[in-house]
Amino acid sequence: MKIRKSILFFIMIGLSISCSKDDKINNSNPYLPNFPVDVTLNLNLPQYSQLVFDTNVVYVNNGAAGIRGIFVFNAGGGNYKAFDAACPNQALSTCSTMTINGIKAKCPCDDTEYSFFTGLAPGKEYPMKQYRVQQINSTTLRVYN
C-alpha cells in the first residue's frame with residue numbers, strides 16, 4: 001500500500017510541474033484573452049521570405065492569427081518563435097498593438113520594448129504571449145496554440 005501511495009504522489013508532482021510553465025506564461029495574463037491561433041506560413045512567399053534569415057521577424061495578421069496578429073521571429077539555428085502582437089501589460093485598446101523595432105516589439109501605450117528572443121521586458125509583470133512553432137519542412141512553418 002505504501003508503494004502505491006508513493007507512486008501516486010510522484011505522478012501527481014510530475015503532472016503539476018509539467019503543466020505549470022505554459023499555463024503561467026499564456027493563461028494567467030488578465031489582459032489577454034485566449035484566441036485560437038493556427039497559421040501556416042510558406043517561406044517562399046514574398047511576405048514571409050525574410051524569415052529564412054536569422055534575427056528577422058514578420059508580422060502576420062490574417063486568419064486565426066491571435067488577438068492583434070502575431071510576430072514570427074527567426075532566432076537562429078532553425079529556431080523560430082511566435083508571439084502575439086498585443087501588449088501583454090496593457091488592457092486591449094487602440095494603442096495596444098505592438099510594432100517591430102529591430103529585434104524587439106514595442107508597445108506604443110507605454111513605449112515598453114520586449115525581446116523577440118525571450119518575450120520579456122525589463123520590469124514588466126507579463127511576458128509576450130507565446131505560441132508554438134512547428135517547422136513542417138524547409139519552407140513551411142505552422143504557428144498554433
Side-chain angles (χ1 to χ4, degrees), residues 6-145:
S6 296
I7 292 172
L8 182 59
F9 174 75
F10 286 112
I11 289 172
M12 296 302 291
I13 294 294
L15 287 174
S16 66
I17 291 170
S18 68
C19 295
S20 64
K21 184 177 179 186
D22 283 343
D23 291 345
K24 184 173 183 178
I25 290 172
N26 285 325
N27 294 327
S28 66
N29 186 327
Y31 300 116
L32 303 181
N34 290 317
F35 280 23
V37 174
D38 196 353
V39 177
T40 301
L41 307 179
N42 180 343
L43 303 184
N44 288 326
L45 295 175
Q47 64 264 39
Y48 309 125
S49 64
Q50 289 300 308
L51 284 174
V52 300
F53 304 106
D54 292 353
T55 69
N56 279 345
V57 62
V58 297
Y59 174 67
V60 180
N61 191 19
N62 57 34
I67 302 165
R68 295 287 173 97
I70 56 174
F71 296 120
V72 181
F73 177 66
N74 182 340
N79 184 21
Y80 292 91
K81 298 188 177 224
F83 299 97
D84 204 284
C87 297
N89 289 284
Q90 300 289 327
L92 295 177
S93 68
T94 57
C95 70
S96 63
T97 301
M98 293 191 287
T99 58
I100 298 169
N101 187 19
I103 58 170
K104 296 182 178 181
K106 184 175 184 176
C107 178
C109 297
D110 61 5
D111 291 330
T112 299
E113 292 186 330
Y114 297 82
S115 167
F116 283 124
F117 285 100
T118 64
L120 301 172
K124 290 298 181 178
E125 182 175 2
Y126 298 106
M128 291 195 302
K129 186 177 186 87
Q130 188 168 0
Y131 300 113
R132 293 176 178 91
V133 180
Q134 175 187 13
Q135 188 166 4
I136 296 171
N137 57 43
S138 63
T139 60
T140 308
L141 299 177
R142 178 180 176 226
V143 179
Y144 64 99
N145 57 355

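All of these numbers come straight from a predicted model, not from anything done at the bench.
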Asks: So, taking the atom named SG in Cys109 and the one named CD in Gln90, what distance separates them when rounded to the nearest 0.5 Å?
Replies: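 It comes to 4.5 Å.
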Asks: Show the nearest heavy-atom pair for residues Arg68 and Ser93, with the distance to one decimal.
Replies: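 The pair with the smallest heavy-atom distance is NH1-O, 3.0 Å.
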Asks: How long is the gap from CE on Met128 to OG1 on Thr118, to the nearest 0.5 Å?
Replies: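 Reported to 0.5 Å precision, the distance equals 7.5 Å.
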Asks: Is any side-chain heavy atom of Thr40 closer than 4.5 Å to one of Thr140?
Replies: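 The answer is yes; the side chains approach within 4.5 Å.
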Asks: Working to the nearest 0.5 Å, report the span between NZ of Lys106 and CG of Asp111.
Replies: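 Spacing of NZ (Lys106) from CG (Asp111) equals 4.5 Å.
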Asks: Is the SG of Cys95 found under 2.5 Å away from the SG of Cys87?
Replies: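 Not so, these two cysteines form no disulfide.
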Asks: Just by modelled atom types, is the Pro88 backbone N or O under 3.5 Å from a matching donor or acceptor in the Asn29 side chain?
Replies: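 Pair found, side chain donor or acceptor close to backbone of Pro88.
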Asks: Distance from Gln130 atom CD to Ile70 atom CD1, nearest 0.5 Å?
Replies: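 Taking CD in Gln130 and CD1 in Ile70, the distance rounds to 11.5 Å.
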Asks: Answer yes or no: does atom CD1 of Ile103 have more than 12 heavy-atom neighbours from other residues, nucleotides or ligands under 6.0 Å?
Replies: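 Result for CD1/Ile103: open.
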Asks: Atom CG of Leu51 and atom OG1 of Thr139: how far apart are they, to the nearest 0.5 Å?
Replies: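 Answer rounded to 0.5 Å: 12.0 Å.
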Asks: Is there a donor-acceptor pair under 3.5 Å between the side chain of Asn56 and the backbone N or O of Asn74?
Replies: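 Judged by distance alone, no pair lies under 3.5 Å.
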Asks: Quick one: ring-ring contact (aromatic ring centres under 6.0 Å, His included) pairs with a partner in residues 42-77, sequence neighbours left out?
Replies: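 Found Tyr59-Phe71, Phe71-Phe116, Phe73-Phe116, Phe73-Phe117.
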Asks: So do Val58 and Gln47 actually touch side chain to side chain, heavy atoms under 4.5 Å?
Replies: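 Not in contact.
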Asks: For residues Val143 and Ala82, report the shortest heavy-atom separation together with the two atoms involved.
Replies: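 Minimum heavy-atom separation between Val143 and Ala82: CG1-CB, 3.6 Å.
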Asks: Might you point out which heavy atoms bring Pro33 and Ile67 nearest each other, and give the distance in Å?
Replies: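 So the two residues come closest at O-CD1, 3.2 Å.
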Asks: For Leu141, run the side chain to side chain contact (heavy atoms under 4.5 Å, CB included) check against Ile136, Val72, Val39 and tell me which one passes.
Replies: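 Among Ile136, Val72, Val39, the one that satisfies the side chain to side chain contact (heavy atoms under 4.5 Å, CB included) with Leu141 is Val72.
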Asks: With distance as the sole test, does Tyr31 use its side chain to make a donor-acceptor pair with the main-chain N or O of Tyr126 at under 3.5 Å?
Replies: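 Looks like no, no N/O pair under 3.5 Å.
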Asks: Do Arg142 and Asp38 sit within salt-bridge range, that is, some charged N less than 4.0 Å from a carboxylate O?
Replies: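 Salt bridge present between Arg142 and Asp38.
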Asks: So which of Lys104, Lys124, Met98 actually passes side chain to side chain contact (heavy atoms under 4.5 Å, CB included) with Glu113?
Replies: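 Answer to the side chain to side chain contact (heavy atoms under 4.5 Å, CB included) test with Glu113 among Lys104, Lys124, Met98: Lys104.
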Asks: To check you understand the geometry: which heavy-atom pair defines the closest contact between Tyr114 and Cys107, and what is its length?
Replies: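 What the structure gives for the nearest pair is CE1-CB, 4.4 Å.
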Asks: Mind checking the CG-CD spacing from Leu43 to Gln50? Nearest 0.5 Å is all I need.
Replies: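 Going from CG on Leu43 over to CD on Gln50, the span is 11.0 Å.
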Asks: Can you find a heavy atom in the side chain of Leu120 that is under 4.5 Å from one in the side chain of Ser115?
Replies: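 When only atoms from C-beta onward are counted, Ser115 and Leu120 do not touch, as no gap falls below 4.5 Å.
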Asks: Dump the intermediate steps for side-chain contact (heavy atoms from CB on, under 4.5 Å) on Val37 and Arg132, then the final yes or no.
Replies: CA-CA 9 Å; Val37 174; Arg132 293 176 178 91; over 6 Å; no
Asks: Quick check: do Val133 and Lys81 have side-chain heavy atoms less than 4.5 Å from each other?
Replies: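 SC-SC contact between Val133 and Lys81 ruled out.
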Asks: Side chains of Asn89 and Thr112: does their closest heavy-atom pair fall under 4.5 Å?
Replies: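 With C-beta onward as the side chain, the pair stays apart.
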